[in-house]
**Q** 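Here it is, the structure in full.
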Amino acid sequence: MNPSLFGFLNLNKPAGWTSHDCVAKVRRLLKIKKVGHGGTLDPLAIGVLPIAVGKATRLLQFLPDEKVYQARIRFGVQTTTDDLEGEIIETQSVDGLTFDRVQSPLEQFVGKIEQIPPAYSAIQQDGKRLYKLARAGKVVEVPPRCVEVHRIEVLAWHPGEFPELEVAIACGGGTYIRAIARDWGAALNIGGTLASLTRTHSCSLDLSGSLTLEQLATQTDTFQPIQPDVPLAHLAAIALPGKDATRWCQGQRISCENPIPTSSDFLRIYRDGGQFLGISEFIQSEKILELVPKVVLVP
């Protein structure tokens, strides 16, 4: 076990692996028990899977939720899982589908939208995962949820009997790209399913800087995780002088005179000199800012 490892791994998840599989593999490779991931990827999907190592697992809840995907939607096909992993429910040749028609529903999937998650998903209902209920043959009504899609950009169009549209989708947490593929096909009245999915950005980490499991396996003796505060740059930061920093690390509330303009309820806390200490919740009024320790990483 290597208790000194502390930070994040930008993992390029392979196809066919669950996020849990990846966490278990990283745990074995790095010989460390505390490992967690920052956002589930379906087995079909590949790309950025943020992995927290050591004490950084306590920071997962504070990671930014914006994600970017490159998706390929196949039209004329409907499946049980809303992707090619599931059984085919129905197919119809849509050889005459034009690019103008296929992109016409695009705007209805941008902004704050309501979507029904796939029946095969990790959402819990009555304490049980939906995919487990679906595999058991139980019909479950999945309640709709509000999600936010920031933008959709068309990348390529592949005509044919079962044509495919490639798009880049930037969205907030909880958005199911499989549901967008399904609903896009439904909007055209021809059916649609997700053919492939790559997450290119998540929690401030980009695919270009990711490591595969094979690459990680060759670096187990030299691997250095990403510094724990790097994916938290979306949070405002404050540096405390020596005595205040020590008191904060001991769990005491610290009062500051200068308010900090931020929409978040949390701040990154540093010691004067640059050492990252953890995350603080804060109570801000017109005259005082009270820092309440939330996650203390340094004794």
Side-chain angles (χ1 to χ4, degrees), residues 5 7-27 29-30 35-53 56-57 59-74 82-85 109-110 122 147-158 164-181 193-220 222-235:
L5 282 180
F8 288 92
L9 161 65
N10 180 358
L11 182 68
N12 187 346
K13 188 191 88 66
W17 287 60
T18 67
S19 299
H20 179 75
D21 292 338
C22 293
V23 166
K25 182 67 173 180
V26 171
R27 189 178 287 128
L29 287 174
L30 299 181
V35 179
H37 67 79
T40 302
L41 269 179
D42 293 330
L44 174 75
I46 62 174
V48 177
L49 180 65
I51 299 283
V53 177
T57 53
L59 300 172
L60 285 169
Q61 61 185 304
F62 304 105
L63 295 179
D65 67 357
E66 181 170 341
K67 299 169 175 60
V68 181
Y69 297 89
Q70 185 168 325
R72 193 165 176 137
I73 303 171
R74 181 173 299 178
D82 301 323
D83 64 14
L84 293 183
E85 292 280 286
F109 300 110
V110 178
V147 298
E148 186 167 8
V149 177
H150 305 300
R151 63 186 179 277
I152 298 179
E153 177 188 357
V154 173
L155 302 177
W157 168 240
H158 306 277
E164 295 181 343
L165 183 71
E166 288 186 55
V167 291
I169 300 176
C171 58
T175 306
Y176 277 91
I177 309 302
R178 284 185 285 151
I180 291 177
T193 196
L194 187 64
S196 66
L197 184 67
T198 301
R199 188 153 67 188
T200 58
H201 180 89
S202 179
C203 304
S204 302
L205 304 177
D206 287 307
L207 185 60
S208 59
S210 64
L211 285 177
T212 64
L213 288 170
E214 290 78 13
Q215 289 171 325
L216 180 64
T218 67
Q219 302 178 20
T220 52
T222 59
F223 171 72
Q224 291 297 320
I226 297 166
Q227 290 298 307
D229 57 334
V230 170
L232 302 171
H234 63 294
L235 298 178

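What you see is a predicted model, and the numbers here were worked out from it, not measured in a lab.
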**Q** Measuring from atom OG1 of Thr40 to atom NZ of Lys13, what distance do you get when rounded to the nearest 0.5 angstrom?
**A** 10.5 Å
**Q** Quick one: do Leu197 and Asp42 satisfy side chain to side chain contact (heavy atoms under 4.5 Å, CB included)? Show the steps, please.
**A** CA-CA 9 Å; Leu197 184 67; Asp42 293 330; 5.5 Å; no
**Q** State, to 0.1 Å, how close Ile177 and Ala71 come at their nearest heavy-atom pair, and which atoms those are.
**A**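 The answer is CG2-CB, 3.8 Å.
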**Q** For Thr18, give me all partners under side-chain hydrogen bond (donor to acceptor under 3.5 Å, both in side chains), at least two apart in sequence or on another chain.
**A** Asp21
**Q** Start with the C-alpha distance between Val35 and Leu9, add both sets of side-chain angles, then the distance that settles side chain to side chain contact (heavy atoms under 4.5 Å, CB included), and finish with yes or no.
**A** CA-CA 10 Å; Val35 179; Leu9 161 65; over 6 Å; no
**Q** Measure across Leu213 and Leu29 and return the closest heavy-atom pair with its distance rounded to 0.1 Å.
**A** O-CD1, 4.0 Å
**Q** Run the side-chain contact (heavy atoms from CB on, under 4.5 Å) test against Ile46 and tell me which residues pass, sequence neighbours left out.
**A**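 Once residues adjacent in sequence are excluded, the partners of Ile46 under the side-chain contact (heavy atoms from CB on, under 4.5 Å) criterion are Ala15, Thr198.
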**Q** Looking only at heavy atoms, which two atoms of Leu44 and Leu194 are closest? And how far apart?
**A** CD2-O, 4.1 Å
**Q** Please enumerate all residues that pass ring pair (Phe, Tyr, Trp, His ring centres under 6.0 Å) together with Phe109, with sequence neighbours excluded.
**A**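 Here the qualifying residues are Trp184.
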**Q** What distance do His201 atom NE2 and Ser210 atom OG have between them, rounded to the nearest 0.5 Å?
**A** 13.0 Å
**Q** Taking all non-hydrogen atoms of both residues into account, name the closest pair between Glu164 and Ala195 and its distance.
**A**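 So the two residues come closest at OE2-CB, 3.8 Å.
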**Q** Any chance you could measure Cys203, atom SG, to Glu66, atom CD, to the nearest 0.5 Å?
**A** 10.5 Å
**Q** For Ala52, check side-chain contact (heavy atoms from CB on, under 4.5 Å) against everything at least two apart and list the hits.
**A**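 Expected list: Phe8, Ala56, Thr57, Leu60.
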**Q** For Thr212, give me all partners under side-chain contact (heavy atoms from CB on, under 4.5 Å), at least two apart in sequence or on another chain.
**A** Asn12, Glu214, Gln215
**Q** Got a sec, which residues hit side-chain contact (heavy atoms from CB on, under 4.5 Å) with Leu155, two or more places apart in sequence or on another chain?
**A** Gln70, Glu153, Glu166, Ala168
**Q** If I take atom CZ from residue Arg72 and atom CG from residue Asp83, how far apart are they, to the nearest 0.5 angstrom?
**A**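 Between atom CZ of Arg72 and atom CG of Asp83 there are 15.0 Å.
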**Q** How long is the straight-line distance from NE2 of His150 back to SG of Cys171, given to the nearest 0.5 Å?
**A**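 Rounded to the nearest 0.5 Å, the SG-NE2 separation comes to 7.0 Å.
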**Q** Just wondering, do Thr175 and Ile169 contact through their side chains at under 4.5 Å, heavy atoms?
**A**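 Result no, sub-4.5 Å side-chain heavy-atom pair not found.
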**Q** Is there a side chain to side chain contact (heavy atoms under 4.5 Å, CB included) between Ser19 and Leu49? Walk through the geometry before answering.
**A** CA-CA 8 Å; Ser19 299; Leu49 180 65; 3.9 Å; yes
**Q** Identify, with sequence neighbours excluded, every residue that meets side-chain hydrogen bond (donor to acceptor under 3.5 Å, both in side chains) alongside Glu85.
**A**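 For Glu85, no residue satisfies side-chain hydrogen bond (donor to acceptor under 3.5 Å, both in side chains) once neighbours in sequence are set aside.
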**Q** Kindly list each side-chain donor-acceptor pair under 3.5 angstrom involving residues 226-235, sequence neighbours excluded, with atom names and distances?
**A**
| from | atom 1 | to | atom 2 | distance (Å) |
| --- | --- | --- | --- | --- |
| Asp229 | OD2 | Tyr270 | OH | 2.6 |
| His234 | NE2 | Phe62 | O | 2.9 |

**Q** Verify the neighbour count for atom NE2 of His20: are there more than 12 heavy atoms of other residues, nucleotides or ligands below 6.0 Å?
**A**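 For His20, atom NE2 is not crowded (no more than 12 foreign heavy atoms under 6.0 Å).
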**Q** Holding to salt bridge (Lys or Arg N to Asp or Glu O under 4.0 Å), I want the full list of residues that pass it with Arg199, two or more places apart in sequence or in another chain.
**A**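 Checked Arg199 against salt bridge (Lys or Arg N to Asp or Glu O under 4.0 Å); zero matches.
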**Q** The criterion is side-chain hydrogen bond (donor to acceptor under 3.5 Å, both in side chains); which residues satisfy it with Asp65, sequence neighbours excluded?
**A** none
**Q** Taking all non-hydrogen atoms of both residues, which atom of Val48 and which atom of Leu41 are closest, and how far apart?
**A**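 For Val48 versus Leu41, the nearest heavy atoms are O-CD1, 3.7 Å.
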**Q** Partners of Asp82 by salt bridge (Lys or Arg N to Asp or Glu O under 4.0 Å), sequence neighbours excluded?
**A** Arg182
**Q** Can you tell if the side chain of Ile51 reaches within under 4.5 Å of the side chain of Pro225, non-hydrogen atoms only?
**A**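 No - every pair of side-chain heavy atoms lies 4.5 Å or more apart.
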**Q** With sequence neighbours excluded, tell me which residues meet side-chain hydrogen bond (donor to acceptor under 3.5 Å, both in side chains) with Ser202.
**A** none
**Q** For Leu165 versus Trp157, what's the shortest heavy-atom pair and its separation?
**A**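 So the two residues come closest at CD1-CE3, 3.9 Å.
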**Q** After noting the C-alpha distance and the side-chain angles of Leu30 and Leu216, does the key distance pass the side chain to side chain contact (heavy atoms under 4.5 Å, CB included) rule?
**A** CA-CA 9 Å; Leu30 299 181; Leu216 180 64; 4.1 Å; yes
